[in-house]
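What you see is a predicted model; the values in this text were computed from it and never measured. Chain letters run A, B, ... following the sequence lines, proteins first, then strands; residues in each count from 1.
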Number of protein chains: 2
Amino acid sequence: MVHTLSTRTSMELLDSALVQIFAGNLKRLRKKARLSQEELALRCGLDRTYISGCERGIRNPSIVSVEKIAEALNVPAKEFFENGR
Amino acid sequence: MVHTLSTRTSMELLDSALVQIFAGNLKRLRKKARLSQEELALRCGLDRTYISGCERGIRNPSIVSVEKIAEALNVPAKEFFENGR
DNA sequence: CTGTGACTTTCAGTCCGTC
DNA sequence: CGACGGACTGAAAGTCACA
(Lines give C-alpha, C1' and ligand atoms only; values in the text may rest on other atoms or scores of the structure.)
Protein backbone atom coordinates (compact mmCIF):
# COMPACT_ATOMS: atom_id res chain seq x y z
CA MET A 1 0.00 0.00 0.00
CA VAL A 2 2.94 2.23 0.07
CA HIS A 3 0.88 5.18 -1.18
CA THR A 4 3.04 7.13 -3.59
CA LEU A 5 4.26 9.69 -1.07
CA SER A 6 4.23 12.56 -3.49
CA THR A 7 3.55 15.45 -1.13
CA ARG A 8 6.41 17.87 -1.33
CA THR A 9 7.12 18.39 2.32
CA SER A 10 10.34 20.31 2.79
CA MET A 11 12.81 17.60 3.78
CA GLU A 12 12.40 14.25 2.09
CA LEU A 13 13.94 10.82 2.41
CA LEU A 14 17.07 10.49 0.37
CA ASP A 15 16.63 8.25 -2.62
CA SER A 16 19.41 5.87 -1.65
CA ALA A 17 18.95 2.34 -0.38
CA LEU A 18 22.25 2.48 1.46
CA VAL A 19 21.36 5.67 3.29
CA GLN A 20 18.10 4.06 4.44
CA ILE A 21 19.90 0.91 5.58
CA PHE A 22 22.34 3.05 7.51
CA ALA A 23 19.47 5.00 9.06
CA GLY A 24 17.73 1.89 10.32
CA ASN A 25 20.90 0.32 11.68
CA LEU A 26 21.89 3.52 13.42
CA LYS A 27 18.57 3.74 15.23
CA ARG A 28 18.66 0.07 16.16
CA LEU A 29 22.25 0.12 17.42
CA ARG A 30 21.79 3.37 19.34
CA LYS A 31 18.77 1.96 21.16
CA LYS A 32 20.61 -1.25 21.81
CA ALA A 33 23.27 0.87 23.51
CA ARG A 34 20.52 2.58 25.52
CA LEU A 35 21.52 6.06 24.46
CA SER A 36 19.37 9.04 23.55
CA GLN A 37 20.12 10.88 20.31
CA GLU A 38 21.47 13.71 22.42
CA GLU A 39 23.83 11.48 24.38
CA LEU A 40 25.12 9.84 21.23
CA ALA A 41 25.60 13.24 19.61
CA LEU A 42 27.69 14.35 22.57
CA ARG A 43 29.81 11.21 22.43
CA CYS A 44 30.68 11.57 18.78
CA GLY A 45 30.95 15.32 18.64
CA LEU A 46 28.11 15.71 16.18
CA ASP A 47 24.96 17.75 16.47
CA ARG A 48 21.79 16.40 18.04
CA THR A 49 19.69 17.42 15.03
CA TYR A 50 22.16 15.82 12.69
CA ILE A 51 21.90 12.42 14.38
CA SER A 52 18.14 12.81 14.18
CA GLY A 53 18.35 13.48 10.44
CA CYS A 54 20.61 10.48 9.91
CA GLU A 55 18.16 8.17 11.65
CA ARG A 56 15.31 9.54 9.56
CA GLY A 57 17.20 8.91 6.32
CA ILE A 58 17.25 12.50 5.18
CA ARG A 59 21.01 13.02 5.69
CA ASN A 60 23.85 11.65 3.62
CA PRO A 61 26.77 11.37 6.05
CA SER A 62 30.41 11.17 5.04
CA ILE A 63 32.71 8.28 5.96
CA VAL A 64 34.30 10.39 8.69
CA SER A 65 30.90 10.93 10.31
CA VAL A 66 30.08 7.24 10.05
CA GLU A 67 33.38 6.53 11.75
CA LYS A 68 32.64 8.92 14.63
CA ILE A 69 29.26 7.33 15.20
CA ALA A 70 30.65 3.80 14.98
CA GLU A 71 33.32 4.59 17.55
CA ALA A 72 30.83 6.23 19.88
CA LEU A 73 28.67 3.12 19.76
CA ASN A 74 31.62 0.75 19.89
CA VAL A 75 30.47 -1.04 16.80
CA PRO A 76 32.51 -1.80 13.65
CA ALA A 77 31.55 0.59 10.85
CA LYS A 78 30.58 -2.19 8.47
CA GLU A 79 27.70 -3.17 10.77
CA PHE A 80 25.86 -0.04 9.74
CA PHE A 81 25.73 -1.32 6.19
CA GLU A 82 24.49 -4.84 6.94
CA ASN A 83 21.22 -5.57 5.29
CA GLY A 84 19.66 -8.82 6.43
CA ARG A 85 20.47 -8.38 10.13
CA MET B 1 63.95 7.07 -5.69
CA VAL B 2 61.73 8.76 -3.22
CA HIS B 3 63.21 12.24 -3.32
CA THR B 4 63.07 13.86 0.14
CA LEU B 5 59.39 14.76 0.28
CA SER B 6 59.77 17.95 2.27
CA THR B 7 57.64 20.07 -0.03
CA ARG B 8 54.31 20.91 1.53
CA THR B 9 51.93 19.53 -1.02
CA SER B 10 48.65 21.17 -0.07
CA MET B 11 46.57 17.97 -0.41
CA GLU B 12 47.21 15.50 2.38
CA LEU B 13 45.83 12.18 3.53
CA LEU B 14 42.71 12.52 5.60
CA ASP B 15 43.29 11.68 9.23
CA SER B 16 40.68 8.95 9.40
CA ALA B 17 41.35 5.24 9.68
CA LEU B 18 38.06 4.40 8.01
CA VAL B 19 38.75 6.64 5.03
CA GLN B 20 42.10 4.91 4.55
CA ILE B 21 40.54 1.47 4.85
CA PHE B 22 37.97 2.46 2.27
CA ALA B 23 40.71 3.78 0.00
CA GLY B 24 42.69 0.55 0.10
CA ASN B 25 39.67 -1.65 -0.40
CA LEU B 26 38.47 0.44 -3.31
CA LYS B 27 41.79 0.12 -5.09
CA ARG B 28 41.96 -3.60 -4.40
CA LEU B 29 38.39 -4.32 -5.50
CA ARG B 30 38.67 -2.18 -8.62
CA LYS B 31 41.79 -4.03 -9.70
CA LYS B 32 40.18 -7.33 -8.90
CA ALA B 33 37.41 -6.31 -11.29
CA ARG B 34 40.08 -5.46 -13.87
CA LEU B 35 38.85 -1.92 -14.35
CA SER B 36 40.79 1.29 -14.81
CA GLN B 37 39.86 4.29 -12.68
CA GLU B 38 38.45 5.80 -15.82
CA GLU B 39 36.22 2.82 -16.60
CA LEU B 40 34.98 2.64 -13.04
CA ALA B 41 34.28 6.36 -13.07
CA LEU B 42 32.16 5.96 -16.17
CA ARG B 43 30.23 3.08 -14.65
CA CYS B 44 29.28 4.95 -11.52
CA GLY B 45 28.79 8.37 -13.05
CA LEU B 46 31.59 9.96 -11.08
CA ASP B 47 34.64 11.78 -12.30
CA ARG B 48 37.90 9.94 -12.95
CA THR B 49 39.83 12.34 -10.71
CA TYR B 50 37.32 11.85 -7.94
CA ILE B 51 37.89 8.09 -7.95
CA SER B 52 41.60 8.80 -7.93
CA GLY B 53 41.23 10.99 -4.86
CA CYS B 54 39.15 8.33 -3.09
CA GLU B 55 41.80 5.66 -3.70
CA ARG B 56 44.50 7.97 -2.41
CA GLY B 57 42.60 8.66 0.82
CA ILE B 58 42.34 12.40 0.34
CA ARG B 59 38.59 12.43 -0.29
CA ASN B 60 35.92 11.81 2.32
CA PRO B 61 33.03 10.40 0.30
CA SER B 62 29.43 10.31 1.45
CA ILE B 63 27.31 7.18 1.72
CA VAL B 64 25.67 7.95 -1.61
CA SER B 65 29.07 8.02 -3.34
CA VAL B 66 30.07 4.78 -1.65
CA GLU B 67 26.84 3.24 -2.88
CA LYS B 68 27.47 4.27 -6.49
CA ILE B 69 30.94 2.76 -6.41
CA ALA B 70 29.75 -0.43 -4.70
CA GLU B 71 27.06 -0.94 -7.31
CA ALA B 72 29.46 -0.29 -10.18
CA LEU B 73 31.79 -2.94 -8.80
CA ASN B 74 29.00 -5.32 -7.87
CA VAL B 75 30.24 -5.60 -4.33
CA PRO B 76 28.23 -5.12 -1.12
CA ALA B 77 29.03 -1.73 0.43
CA LYS B 78 30.15 -3.23 3.71
CA GLU B 79 33.10 -4.89 1.98
CA PHE B 80 34.71 -1.49 1.58
CA PHE B 81 34.88 -1.19 5.33
CA GLU B 82 36.34 -4.59 6.10
CA ASN B 83 39.64 -4.34 7.84
CA GLY B 84 41.45 -7.65 8.05
CA ARG B 85 40.04 -8.40 4.62
C1' DC C 1 46.25 5.56 -17.29
C1' DT C 2 46.81 8.13 -13.08
C1' DG C 3 48.27 12.13 -9.76
C1' DT C 4 47.59 16.67 -8.61
C1' DG C 5 46.28 21.74 -7.75
C1' DA C 6 42.89 24.86 -8.39
C1' DC C 7 38.49 25.98 -8.87
C1' DT C 8 32.90 26.64 -8.34
C1' DT C 9 28.65 24.64 -6.75
C1' DT C 10 26.18 21.85 -3.69
C1' DC C 11 25.27 20.04 0.62
C1' DA C 12 27.14 18.18 5.11
C1' DG C 13 26.96 19.57 9.56
C1' DT C 14 25.86 23.42 13.30
C1' DC C 15 22.97 26.21 16.02
C1' DC C 16 18.95 28.55 17.04
C1' DG C 17 14.38 27.34 17.85
C1' DT C 18 9.06 25.13 18.14
C1' DC C 19 5.85 21.38 18.74
C1' DC D 1 12.99 12.58 24.15
C1' DG D 2 12.48 13.06 19.33
C1' DA D 3 10.57 15.19 14.83
C1' DC D 4 11.04 19.04 12.33
C1' DG D 5 12.14 24.21 10.46
C1' DG D 6 15.31 28.13 9.07
C1' DA D 7 19.62 30.16 8.50
C1' DC D 8 24.19 29.76 8.39
C1' DT D 9 29.48 28.08 7.49
C1' DG D 10 32.77 25.01 6.08
C1' DA D 11 33.54 20.83 3.70
C1' DA D 12 32.24 17.47 -0.02
C1' DA D 13 30.83 17.11 -4.83
C1' DG D 14 32.14 17.64 -9.12
C1' DT D 15 35.24 19.43 -13.04
C1' DC D 16 39.49 20.77 -15.62
C1' DA D 17 44.24 21.42 -17.38
C1' DC D 18 48.41 19.67 -17.03
C1' DA D 19 52.39 16.71 -15.16
- If we only count heavy atoms from C-beta on, is the A:Pro61 to A:Tyr50 side-chain gap below 4.5 Å? yes

- Heavy atoms, side chains only, cut-off 4.5 Å: are B:Pro76 and A:Phe81 in contact? no

- Item | Test log, rule salt bridge (Lys or Arg N to Asp or Glu O under 4.0 Å), inputs B:Glu79 and A:Lys78 | CA-CA 7 Å; B:Glu79 285 227 12; A:Lys78 45 175 276 208; over 6 Å; no

- Base, sugar-phosphate, or nothing for A:Lys31, non-hydrogen atoms under 4.0 angstrom?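 The answer is nothing, as A:Lys31 stays clear of every strand by at least 4.0 Å.
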
Is [X] reaching over with its side chain to a backbone N or O of [Y], donor-acceptor style, under 3.5 angstrom?
X	Y	answer
B:Gln37	B:Thr49	no
A:Glu71	A:Lys68	no
A:Asn25	A:Glu82	yes

- Could you pull out the closest heavy-atom pair between A:Phe80 and A:Leu73, with the gap in Å? CZ-CD1, 3.9 Å

- Would you mind reading off the bend of the helix from C:dT2-D:dA19 to C:dC19-D:dG2 from its two end axes, five pairs each, to 10 degrees? 50°

- Item | Electrostatic pair B:Glu55-B:Arg30, nearest N-O below 4.0 angstrom |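 Yes, B:Glu55 and B:Arg30 are salt-bridged.
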
Once you round it to whole Å, what is the distance between [atom2] of [N] and [atom1] of [X]?
X	N	atom1	atom2	answer
A:Leu40	D:dA3	CG	C1'	16 Å
A:Ile51	D:dG2	CD1	P	11 Å
A:Glu55	D:dC1	CD	P	14 Å
B:Leu13	C:dT4	CG	C1'	13 Å
A:Glu38	C:dC15	CD	P	13 Å
A:Ile58	C:dA12	CD1	P	10 Å
A:Leu14	D:dA12	CG	P	17 Å
A:Leu26	C:dG13	CG	P	13 Å

- Would the number of heavy atoms belonging to other residues, nucleotides or ligands and lying under 6.0 Å from CD of A:Glu38 be above 12? no

- Note on the structure: Protein heavy-atom contacts under 4.0 Å, written 5' to 3' over nucleotides 13-18 of chain D as B (base), S (sugar-phosphate only) or - (none), form the string BBBBBB

- Query: Are any of A:Arg30's side-chain N or O atoms less than 4.0 Å away from OP1 or OP2 of D:dG2?
  - Reply: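 For D:dG2, OP1/OP2 do have a side-chain N/O of A:Arg30 under 4.0 Å.
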
